[in-house]
Amino acid sequence: MSLNDAFSYLSTSPLCFVALDSKGHATQISGAFERLMGPLYKFQEFEFCDAATEKNDGKKKMRDLIAGIQSAADTASYTIEEKENETFSDPNKHRARNIEMLTLAAETSGIPMKRHFNWTVGKGGDGTVLLFGDICHPDERTEEEIARDVEYVDFFQNAPIALHWLSGEGIVLWANQTELDFLGYTAEEYIG
């Protein structure tokens, strides 16, 4: 099965899937990734690890996770059986739990939002790094983190000044309520 076939097959999965090239840039994503993290074009121009925050060494954990699978897969002296045994002998070696990520998803109206994910890394047959992410359940987050996110959204949506976010082509990706009210548009009429 090709990587494209796999992503097509997994498009309805509730897990986020992202394929990274040798530079760590996203090359393919699943539907869940787009819904929870954001569209592919927002992750193609920078190293995916940079979407992780510094909180609890998130960036370092993601870099180590990816580097670990790249170095293990690059070791030519392994037989297939040894590689498989090494990969699954310590499942935590290929997992990063509760990593705070900056997301740019439509379901948060395109506002950059911090969310927590559990990530598992794997290696595609063509050398592509594959990340499988599961959003942390609310009970895995502290009350302080949840309150901070609510305050963050409220701050931007109800700021006393008009705020918007444009794509590189000048398309409005997000606008706060102040801007919409000032211009007399609904979000559906203005965004896009």
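Side-chain atoms are counted along with the backbone in the values below, which use heavy atoms only and exclude waters and symmetry mates. Numbering starts at 1 and runs along the sequence shown.
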Q: Working to the nearest 0.5 Å, report the span between CG of L15 and CH2 of W119.
A: 9.5 Å
Q.
Nearest 0.5 Å, please: how far is CG in N176 from NE2 in H164?
A. 10.0 Å
Q.
Which heavy atom of N98 sits nearest to which heavy atom of C136, and what is that distance?
A. OD1-SG, 3.5 Å
Q: Can you establish whether the number of heavy atoms outside Y185 located under 6.0 Å from its atom OH is more than 12?
A: no
Q.
Could you tell me if the side chain of L40 sits less than 4.5 Å from the side chain of E34, heavy atoms only?
A. no
Q.
How close do M37 and M101 get, counting heavy atoms only, and between which atoms?
A. CE-CE, 3.9 Å
Q | L131 vs F48 side-chain heavy atoms within contact, under 4.5 Å | A | yes
Q: Sequence neighbours left out, what passes side-chain hydrogen bond (donor to acceptor under 3.5 Å, both in side chains) with D21? Give chain and number order.
A: none
(Q) Taking L36's backbone N and O only, do any of them form a donor-acceptor pair with R115's side chain (distance below 3.5 Å, no angle check)? (A) yes
Q. Quick one: CD1 on I135 to CZ on F33, what's the gap to the nearest 0.5 Å?
A. 11.5 Å
Q) For the side chain of T178 and the backbone of P160, is there at least one donor-acceptor N/O pair under 3.5 Å apart? A) no
Q) Quick one: NZ on K59 to CD1 on I99, what's the gap to the nearest 0.5 Å? A) 11.5 Å
Q: Flag yes if F117 and L102 sit in one hydrophobic cluster, no otherwise; membership is Ile, Leu, Val, Met, Phe, Trp, Tyr, and two members link when side-chain heavy atoms are under 4.5 Å apart.
A: no
Q. Between R97 and D134, does at least one N-O distance fall below 4.0 Å, as a salt bridge requires?
A. no
Q. Do you know which two heavy atoms are closest between F46 and A51, and how far apart they sit?
A. CE1-N, 4.1 Å
Q. So how far is it from H94 NE2 to T120 OG1, rounded to the nearest 0.5 Å?
A. 10.0 Å
Q: Step through the shown structure and confirm whether more than 12 heavy atoms of other residues, nucleotides or ligands are within 6.0 Å of CD on E189.
A: yes
Q: Could you tell me the separation between the CZ atom of R35 and the SG atom of C16, rounded to the nearest 0.5 Å?
A: 8.0 Å
Q: Can you see which heavy atom on I29 is nearest to which on P39, and at what distance?
A: CD1-C, 4.0 Å
Q | K123 to L130 - nearest heavy-atom pair and separation | A | C-CD1, 4.4 Å
